[in-house]
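What follows is one structure encoded as structure tokens, with my remarks underneath.
Numbered from 1 within each chain, the chains take letters A, B, ... in sequence-line order.
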Amino acid sequence: MSGGGCSIVWFRRDLRVEDNPALAAAVRAGAVIAIFIWSPEEEGAYYPGRVSRWWLKQSLAHLDASLRNLGTSLVTKRSTDSVSSLIEVVKSTGATHLFFNQLYDPLSLVRDHRAKELLTAQGIVVRSFNADLLYEPWEINDTQGRPFTTFSDFWNRCLSMPYDPASPLLPPKRITSGDASRCPSEALVFEDESEKGSNALLARAWSPGWSSADKALTTFINGPLIEYSVNRKKADSATTSFLSPHLHFGEVSVRKVFHLVRIKQVLWANEGNIAGEESVNVFLKSIGLREYSRYMSFNHPYSLERPLLAHLKFFPWVVNEGYFKVWRQGRTGYPLVDAGMRELWATGWLHDRIRVVVSSFFVKVLQLPWRWGMKYFWDTLLDADLESDALGWQYISGTLPDGREFDRMDNPQIEGYKFDPNGEYVRRWLPELARLPTEWVHHPWDAPESVLQAAGVELGSNYPLPIVEIDAAKARLQVALSEMWQQEATSRAAVENGTEEGLGDSSESAPFAFPQDIQMEVELEQPSRNNPAITVRRYEDQMVPSITTSLQRDEEESSMDIRRSTSDGRPEVPTSINVGPELQREAPNQGGFLTIRNNNSLLQLNILELQNAEDSTAESSSSGRMERDGGIVPVWSPSASNYSDQFVGGQSGLGSSSSYLQRHPQSHQLINWT
DNA sequence: GTATCTTTCAT
DNA sequence: TGAAAGATA
């Protein structure tokens with residue numbers, strides 16, 4: 001048969017067959033060719049880290065197997081420009097339709113828009129769907145039709161929407177395969193030789209792919225969920241859902257999670273189980289934060305790079321790569337922080353509480369620029385997710401309207417006794433402190449010499465003294481803050497006098513370039529002469545997360561000790577840190593182009609056009625709710641407003657540049673195909 | 001019962 | 001840090 005008339009399903013972060021609206025629509029339309037395009041260079045600085053790539057590789061294999069069971073297979077392409085590859089695929093297969101599920105990070109918004117524009121121009125029917133969210137970002141607005149700027153208002157609105165999130169779709173029973181014979185798969189390489197050893201261990205703890213995701217969900221709902229609100233305090237527990245990497249790659253639908261969890265909640269409510277009911281609320285809140293991260297990214301695309309509160313751009317961050325390195329290596333001298341960083345480095349996983357601890361320490365005590373920390377998380381976390389991580393770092397950094405106060409500084413010692421009261425977590429990840437009594441385990445610097453000696457701890461030798469004293473850090477933070485306000489006042493005065501037009505956009509487009517070498521520099525950490533065994537242990541290779549049985553872990557530890565002799569076992573963080581994806585904007589009055597620069601593509605969208613489109617939508621939206629029938633959903637609600645001036649984006653006009661999609665609302669059609 | 005101290009927990 | 005919930009007088 002000829003491939004003519006078939007549909008392409010473009011898989012990205014929706015690696016599942018169940019509740020996949022794009023796949024379902026394609027199956028409905030007839031013959032299907034499923035493709036995945038691996039084009040990591042497009043992500044610029046956010047080239048996926050080693051553990052993310054490992055996950056993706058497994059997940060794709062799993063998806064391919066599932067598609068084969070249903071009657072087709074996954075065509076894979078290696079590319080440096082996904083849209084060009086898409087066009088080639090369409091041409092070589094003679095497809096007439098393209099279906100995909102929407103993404104909300106700035107790069108994807110632009111890329112998907114371009115795909116729609118180019119393919120539509122060639123007569124291809126292009127449809128995209130919401131598979132990633134409970135509600136589309138533009139569905140959730142305040143009473144005046146403007147996007148929310150605080151999480152709790154946003155989430156309350158989501159929970160009180162007049163209509164429920166769409167019900168999950170069943171997987172297709174069978175897929176008629178389109179003819180992909182003239183569109184052969186290309187081999188994708190997700191790991192290099194040096195990464196294989198480290199990756200092999202991941203498989204013991206994690207199992208990527210949609211069916212494992214489903215299993216994890218069921219296990220969680222029938223197990224830890226009911227106690228979720230009680231257990232969330234413990235840093236070292238297996239009480240989290242472990243769904244985040246699955247959710248990142250779309251192996252399980254967030255709507256399915258939502259519905260199943262809500263069913264449990266109703267059940268527990270009827271039984272009068274208050275704790276269970278509350279647990280569901282707490283868990284759903286974390287789903288809501290994921291939701292909100294997309295919402296923020298959509299409404300403020302620059303929030304991945306810049307603080308949302310304008311004055312924070314004047315904060316004098318401490319640009320100290322030495323601090324940065326010490327933090328990454330888990331050698332800050334604060335046991336809870338160090339244990340967390342060692343766990344992250346070794347396993348690619350960190351309990352949410354500990355993420356808060358280490359990132360708060362990073363921003364408040366070390367005063368390093370939060371984007372560095374965010375980048376390191378991106379490189380090392382198994383569930384690295386740009387939107388979620390940006391939201392998290394901005395929250396911690398106090399750069400959100402509803403984030404923590406900027407001058408609040410947490411004390412790792414106090415948090416240590418709160419989240420790890422018996423010191424078990426610290427002892428597991430910091431063997432050099434393993435023999436220290438609980439009384440001192442979170443503040444060894446206060447311990448009597450005799451206690452340290454008995455525990456084999458030599459401060460400054462096999463475990464460091466605190467890199468910065470908390471009191472000193474507090475004082476430094478105050479100084480930095482007054483400097484910030486002074487700068488801010490100066491700048492505002494300059495703007496009011498008209499001496500500084502446009503706020504010097506060019507200089508702030510990349511607030512803090514990433515350090516050239518963001519890798520773990522293990523070679524600088526020679527095994528200590530005093531205690532070689534412990535030092536070697538500290539830098540051994542990737543360990544599995546704590547969810548495995550202790551038996552398994554023992555095996556792994558011994559096997560890793562052997563491997564240690566041949567490779568340095570550091571996480572493989574890409575060495576080439578390119579500039580970008582960097583969103584650069586020239587002032588609208590100078591020609592008005594939103595320029596998105598990337599390694600291999602340069603996209604330009606005319607901002608003047610966007611602004612016109614904005615005006616018209618502002619008018620139409622004032623007339624009431626946005627249309628849902630007719631299949632057209634407006635894609636962006638302008639945040640033209642009184643609050644926007646507190647945002648960097650609003651102040652310099654960047655907020656409105658997020659409307660690049662709005663110019664073509666029809667390009668974001670949502671098919672009403674029930 | 002209220003008034004005031006203490007603890008908890010932040011998106 | 002400070003608002004809300006819990007504990008104690």
Side-chain angles (χ1 to χ4, degrees), chain A residues 104 133-135 137 140 142 147-159 227-235 237 239-241 244 247 254 274-275 277-300 303-304 307-309 312 336 350-365 370 373-374 377 383 385-421 470-471 473-475 477-478 480-482 643 646-647:
Chain A
Y104 306 89
L133 296 174
L134 301 176
Y135 297 102
I140 308 294
D142 66 16
F148 290 102
T149 56
T150 56
F151 170 70
S152 61
D153 293 339
F154 164 82
W155 189 230
N156 287 337
R157 178 69 186 142
C158 289
L159 292 176
E227 306 251 272
Y228 194 79
S229 67
V230 190
N231 283 333
R232 81 198 136 125
K233 287 169 200 119
K234 294 178 72 189
S237 57
T239 55
T240 57
S241 69
S244 54
L247 280 169
V254 76
I274 311 278
E277 204 185 341
E278 174 59 16
S279 284
V280 171
N281 286 334
V282 174
F283 174 68
L284 282 180
K285 200 167 122 184
S286 64
I287 296 291
L289 283 166
R290 177 186 175 282
E291 196 90 353
Y292 190 55
S293 71
R294 272 77 178 144
Y295 187 78
M296 291 301 274
S297 169
F298 181 80
N299 285 309
H300 307 280
S303 66
L304 300 196
L308 225 42
L309 291 179
L312 259 303
L336 187 64
L350 219 44
H351 190 288
D352 186 55
R353 290 279 146 168
I354 304 300
R355 296 184 194 202
V356 170
V357 169
V358 300
S359 55
S360 167
F361 185 86
F362 184 94
V363 173
K364 301 297 174 65
V365 178
W370 59 269
M374 181 179 141
F377 271 21
D383 59 4
D385 182 285
L386 224 41
E387 297 95 303
S388 288
D389 291 344
L391 179 68
W393 280 91
Q394 292 236 24
Y395 164 68
I396 293 299
S397 306
T399 61
L400 294 176
D402 56 348
R404 304 181 154 198
E405 306 78 16
F406 192 87
D407 52 356
R408 173 182 152 186
M409 190 179 290
D410 295 312
N411 185 330
Q413 176 184 339
I414 292 167
E415 306 209 293
Y417 287 105
K418 220 190 298 184
F419 302 138
D420 182 32
I470 294 294
D471 287 341
K474 278 184 181 161
L477 189 61
Q478 289 309 320
L481 277 172
S482 48
Y643 62 71
Q646 67 183 292
F647 297 126

Do A:Arg404 and A:Asp410 come within less than 4.5 Å of each other through their side chains, counting heavy atoms only?
-> yes
Heavy atoms, side chains only, cut-off 4.5 Å: are A:Ile470 and A:Pro412 in contact?
-> yes
Could you check how far CD1 of A:Ile414 sits from P of C:dT1, rounded to whole Å?
-> 11 Å
Length of the line joining A:Arg404:CZ and C:dG2:P, which is rounded to integer Å = 15 Å
Test ring pair (Phe, Tyr, Trp, His ring centres under 6.0 Å) applied to A:Phe151 and A:Tyr292, A:Tyr395, A:Tyr295, the passing residue = A:Tyr292
What nucleic acid atoms does A:Arg290 come within less than 4.0 Å of, heavy atoms only: base, sugar-phosphate, or nothing?
-> nothing
Specify the closest pair of heavy atoms between A:Ala275 and A:Ser229, including all atoms of both residues, with the distance to one decimal.
-> O-OG, 3.9 Å
Give the minimum heavy-atom separation between A:Met374 and A:Ala390, together with the two atoms involved.
-> SD-CA, 3.7 Å
Mind checking which nucleotides bracket the chain A contacts on DNA chain B, 5' to 3', with an atom under 4.0 Å from a heavy atom?
-> B:dC9 to B:dT11
